[in-house]
Trainee: 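Please see the structure below; I have some questions.
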There are 2 protein chains.
Amino acid sequence: MYRRHCAILRKLLSMVYRDSHGRTLDDYPRPSVAVDTAVLTVPPSGELSVIVIAAGLGASDDAESALDRLPGTFLHPGETLAEAVRRSLRTKAGINGLRPRQLRVFDEPERDPRGWVLSVAHADTVPAEQLNTRSSAARLEPVAELTSLAYGHSAVVALAVEQLREQYLAAPDPAGLLHARFTLRELHALHETIAGTTLQRDTFRRAMIARLVATGERSSGGMGKPAELFKIS
Amino acid sequence: MYRRHCAILRKLLSMVYRDSHGRTLDDYPRPSVAVDTAVLTVPPSGELSVIVIAAGLGASDDAESALDRLPGTFLHPGETLAEAVRRSLRTKAGINGLRPRQLRVFDEPERDPRGWVLSVAHADTVPAEQLNTRSSAARLEPVAELTSLAYGHSAVVALAVEQLREQYLAAPDPAGLLHARFTLRELHALHETIAGTTLQRDTFRRAMIARLVATGERSSGGMGKPAELFKIS
DNA sequence: CTAATAGTGTCTATCAGACACTATTAG
DNA sequence: CTAATAGTGTCTGATAGACACTATTAG
């Protein structure tokens with residue numbers, strides 16, 4: 001009931017409000033606002049990958065409908081951008097529990113042939129197990145092998161990867177890509193995958209160990225000396 | 001003529017396009033999109049300051065119309081966000097030659113009592129001389145003394161200051177706040193103002209001198225030993 | 001001379017990079 | 001034993017912080 005009163009008040013205000021040129025809010029043409037999200041992960045293959053989908057236009061049986069874009073949707077009234085992102089990923093890729101971060105707004109007036117569309121690019125990174133691989137239209141694609149995506153989505157992926165790298169310089173596993181307990185070997189491999197370079201083993205160990213908590217437990221089953229299991233904080 | 005053809009094609013496409021629910025672009029309610037900009041500077045007073053304006057509602061002779069918001073405007077069709085920012089600063093604060101950078105989108109559906117308005121926050125930093133102080137409605141306000149601004153603009157200022165600090169860790173004077181040639185004393189004072197802390201003189205000198213070019217000229221007119229003038233690259 | 005500012009020498013603690021060594025497991 | 005991986009000792013060079021010293025100007 002309170003929300004309803006607010007909505008009525010807002011409607012009245014928007015009719016009464018006039019800017020310095022005497023225009024009300026309704027006199028301004030408005031753009032459509034979309035969200036597009038780069039969901040990164042590191043699947044068992046060990047390659048930094050991103051979720052891409054095909055255009056949702058009809059049956060799309062032909063070879064033309066390539067996996068060439070990021071999941072996205074239009075912002076609905078009363079919805080925040082984060083909610084729109086979660087909705088688009090839930091309905092188009094079967095992913096839940098995301099905490100998307102904004103990257104930037106793509107605003108070139110001609111960027112979308114369908115009309116005036118602003119796109120707010122988002123990114124998030126999740127463990128591969130959280131991805132619903134049975135989902136019909138979505139696929140994982142290694143970022144290194146991405147050819148150019150539609151709607152300038154390649155730039156979104158590039159920005160997302162860049163920010164992910166910065167995050168992994170600041171903390172051992174900010175996206176929680178590893179299990180609760182992990183060996184330094186696993187963490188080392190993850191950092192090399194994300195950075196796209198090799199990282200010296202001993203230097204890496206000494207840098208990371210200060211930010212980790214030793215559990216006293218040991219890994220088992222692999223070759224060589226069992227390694228200590230660590231956890232975050 | 002070419003642009004005109006494009007516009008017609010786009011209009012046709014937007015009528016033909018249908019999403020997975022059979023809706024065209026025009027079937028989606030759209031938000032108004034605004035830009036709001038924090039323009040930072042360091043005036044002769046030596047305090048990091050930001051431009052604030054009063055609401056542009058009519059004559060505004062009363063004491064109610066406080067300087068309580070950042071300059072902003074609604075995005076016009078065919079315009080980029082950067083163009084809207086430049087337009088708003090030109091018309092509302094008499095500032096030209098900006099290169100605004102996007103900070104983030106403020107998207108809470110209820111944030112603006114006038115209706116559904118997304119705000120894309122921007123920031124830029126300019127030398128104080130570039131500001132038109134004769135401008136009627138705009139004033140410089142030290143960021144330390146800012147009380148709370150309307151429309152959540154205080155958060156914009158906080159973000160702008162944070163990013164400015166990061167920029168000044170990466171380069172001697174990325175915003176060009178000093179003249180073409182300057183002493184290390186001037187650069188030191190500027191960095192202390194921006195960082196909001198004191199910075200050790202000798203360490204600062206050694207860190208900066210590697211990124212500057214000595215001109216061989218000396219300062220004059222001040223007390224003490226004349227200092228060498230440096231320039232950027 | 002003094003006050004004020006510019007600029008340098010140097011010690012120390014820390015740290016990244018690099019290399020080589022030891023330790024512990026499977027088979 | 002060998003292969004493989006885990007973990008450590010230690011040297012080097014670079015650098016930030018700190019302190020104290022010298023240098024050059026005005027008045």
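All chains are named by letter (A, B, ...) in the order of the sequence lines, taking the proteins before the strands, and each is independently numbered beginning at 1. Note: hydrogens, waters and symmetry copies are ignored here, and every other heavy atom, side chains too, is used.
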Trainee: Would you mind pulling out the nucleotide paired to dA18(D), Watson-Crick or G-U wobble, both distances under 3.5 Å?
Mentor: dT10(C)
Trainee: Atom CG in Leu48(B), atom CD in Glu141(B): separation rounded to 0.5 Å?
Mentor: 12.5 Å
Trainee: According to a strict under-4.0 Å criterion, is Arg206(B) in side-chain N/O contact with OP1 or OP2 of dT15(D)?
Mentor: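 Negative; the distance criterion is not met.
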Trainee: Report the distance from atom CG of Leu169(B) to atom P of dA16(D), rounded to the nearest whole Å.
Mentor: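 Interatomic distance, CG of Leu169(B) to P of dA16(D): 12 Å.
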Trainee: Calculate the interatomic distance between Asp202(B) atom CG and dC21(D) atom C1'; express it in whole Å.
Mentor: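 Computing the Asp202(B):CG to dC21(D):C1' distance gives 12 Å.
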Trainee: Let me know the distance between NZ of Lys225(B) and P of dC21(D), rounded to the nearest Å.
Mentor: 17 Å
Trainee: To the nearest 0.5 Å, what is the distance between CZ on Arg87(A) and OG1 on Thr73(A)?
Mentor: 4.0 Å
Trainee: Atom CG of Leu89(B) and atom CG of Leu98(B): how far apart are they, to the nearest 0.5 Å?
Mentor: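 Taking CG in Leu89(B) and CG in Leu98(B), the distance rounds to 5.0 Å.
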Trainee: Does a side-chain N or O of Arg205(B) approach OP1 or OP2 of dT8(C) to a distance below 4.0 Å, or not?
Mentor: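 Arg205(B) to dT8(C) OP1/OP2: side-chain N or O found under 4.0 Å.
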Trainee: Any strand counts, and the cut-off is 3.5 Å on both contacts for Watson-Crick or G-U wobble. Which nucleotide pairs with dT25(D)?
Mentor: dA3(C)
Trainee: Here's a test of your reading of the structure: between Gly222(A) and Gly224(B), which maps to the more 5' nucleotide of DNA chain C?
Mentor: Gly224(B)
Trainee: First locate atom CD of Glu228(B), then atom CD1 of Ile209(B), and finally report the distance between them rounded to the nearest 0.5 Å.
Mentor: 7.5 Å
Trainee: Could you state the NE2-C1' distance from His188(A) to dT5(D), rounded to the nearest angstrom?
Mentor: 13 Å
Trainee: How long is the line joining CZ of Phe204(A) and P of dA6(D), in whole Å?
Mentor: 12 Å
Trainee: Let me know, please, whether Phe230(A) or Ala207(B) comes out on the 5' side of the other along DNA chain D by nearest nucleotide.
Mentor: Phe230(A)
Trainee: Please report the distance, rounded to the nearest Å, between CG in Leu184(B) and C1' in dT5(C).
Mentor: 12 Å
Trainee: Taking the nucleotide of DNA chain C with the nearest heavy atom to each, does Thr203(A) or Pro226(A) sit closer to the 5' end?
Mentor: Thr203(A)
Trainee: May I ask you to evaluate whether Gln200(B) reaches the phosphate of dG17(D), defined as a side-chain N or O under 4.0 Å from OP1 or OP2?
Mentor: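 Checking dG17(D) against Gln200(B), no side-chain N or O comes under 4.0 Å of OP1 or OP2.
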Trainee: Nearest 0.5 Å please: distance from the CD atom of Gln200(B) over to the CZ atom of Arg205(B).
Mentor: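 Here the interatomic distance stands at 14.0 Å.
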Trainee: In whole angstrom, what separates Met223(A)'s CE from dA4(D)'s P?
Mentor: 6 Å
Trainee: Verify the contact: side-chain N or O of Arg185(B) to OP1 or OP2 of dA6(C), cut-off strictly under 4.0 Å; return yes or no.
Mentor: yes
Trainee: Atom CZ of Arg201(B) to atom P of dA20(D): distance rounded to whole Å?
Mentor: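 It works out to 13 Å between those atoms.
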